[in-house]
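All values below come from the heavy atoms of this structure, side chains included, with hydrogens, waters and symmetry mates left out. Each chain gets a letter, A, B and so on, in the order its sequence line appears, and its residues count up from 1.
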There are 2 protein chains.
Amino acid sequence: MLRDEQDAYGHLLWAHHQGEKVQEIVERDDGFIDVTGGPDAYFAAFEDWPRHQQEAMQYVRGRVVDVGCGAGRVALHLQERGHEALGIDNSPLALRVCRERGLRRVRGMPATRLSRRLGVFDTIVMMGNNFGLVGNPRRARWMLRRFRNMTSPEGRIVAETRDVYQTDNPDHLAYHERNRRRGRTPGEVRIRVRFRTYATPYFDYLMVSKEELEEILEGTGWRAGTYLDSEEWPGVYVAVLEKG
Amino acid sequence: MLRDEQDAYGHLLWAHHQGEKVQEIVERDDGFIDVTGGPDAYFAAFEDWPRHQQEAMQYVRGRVVDVGCGAGRVALHLQERGHEALGIDNSPLALRVCRERGLRRVRGMPATRLSRRLGVFDTIVMMGNNFGLVGNPRRARWMLRRFRNMTSPEGRIVAETRDVYQTDNPDHLAYHERNRRRGRTPGEVRIRVRFRTYATPYFDYLMVSKEELEEILEGTGWRAGTYLDSEEWPGVYVAVLEKG
């Protein structure tokens, strides 16, 4: 779990939840820094989600875990729809926001600690690019195999990511090249969130093309069923992963 | 002058000038990071300035130098009003933006290099908190004496700054305390501007209360004439400094 001074993301969500006008800053390990669309997007109601995310919810069934639930928009929506929805996050303050917003089931833990001890799930959701929490291709395979063992026979993963090759931003293209030189996947971004004096540790966040995803899936017991492409954001898509 | 990779401020202004939607990030040396109101404010037309800044322009006369002219809003306004207005800045790209926007006289240099070699000025303007470019109280006195020798007998300085004590922000209050412990003035902020992968070097930017300003002025040949307080921003004010 993040210590309080590391919980930049949670403090950001908390401030927004208190009605403060705040913006999220993300810093990459090459020095690139940017202001994201958050936190508004992290609190958005279902009606305001991009269409491909709304459509993705049709693939959710049964008992659900929302990995990196943030302010809880996805878990809250699923709970309203009648699912037993558990939100997990490594940010204590994010979970506090979720509870205040009415999410009944939350657990503080990083995605890598998710295990069968929490029971069997029918759907694992990783929306808002949260497939990235697998970190890198090697850890992705390890986590996907774990996910296989903690899901029901008809279990699914509904995961959002981004094909990073669909860009002409010179900073991003240079970063892909930097990653290749270091033997990393181009879309393996090492980032941290900053807010006021709070800064998360740097963490790896993996973004993959459909081809890269399918290569990762090999031998994990998962296959890509449906793809839902974003109409708004180039390269962003949801993959619905099925067993077998 | 800033090297290109240091010219975060200039690249920000340049991107905005090209029509890109960009935001300025400022990082303080205690790790505090924030998104500022720029660059919109740096391009604002006179009609859209806060009232105290508009009023400050009534005190400008004759030949003017705009210290840290940025995107040139002040120098351009004064040029339009018929003044001979020179803009100086240490950002090459900021000056390029100024020229493209029609500012006829620009010189690339930091505020500390401003000297009599550029001729005699009737007014030195340091708007948008740019009194801060004096850095610290000691350097402020050295620069103010220099400014005395490069201005006409009726010369003026029209300078904007901020009384930092008018805050209840715990991060800022902790920073004041940190400065005191280090023998610095509470409002002596060490900051850098970041944009994409560009980062300026850290620089000292001094913000002073009226009492602190008057203490600094002692023995420099300048006295505070008029104060114009901001109605929008707590503690922000323009000081019109007169000789004698």
| query | Under 4.5 Å between any side-chain heavy atoms of B:Ile33 and A:Ile33, yes or no? | reply | yes
Counting heavy atoms not belonging to [X], are there more than 12 under 6.0 Å from its [atom1]?
X        : atom1 : answer
A:Arg104 : CZ    : no
B:Arg178 : CZ    : yes
B:Glu5   : CD    : yes
A:Arg101 : CZ    : yes
B:Gln166 : CD    : yes

| message | Check whether A:Arg194 reaches the backbone of B:Gly31 with its side chain - one donor and one acceptor, N or O, closer than 3.5 Å. | response | yes
| B:Tyr198 versus chain A, the contacting section by heavy-atom distance below 4.5 Å | neither
| field | Atom group of B:Asp171 that falls short of 4.5 Å from chain A, counting heavy atoms | value | side chain
| Which value, rounded to the nearest 0.5 Å, describes the distance between A:Glu27 atom CD and B:Thr197 atom OG1? | 12.0 Å
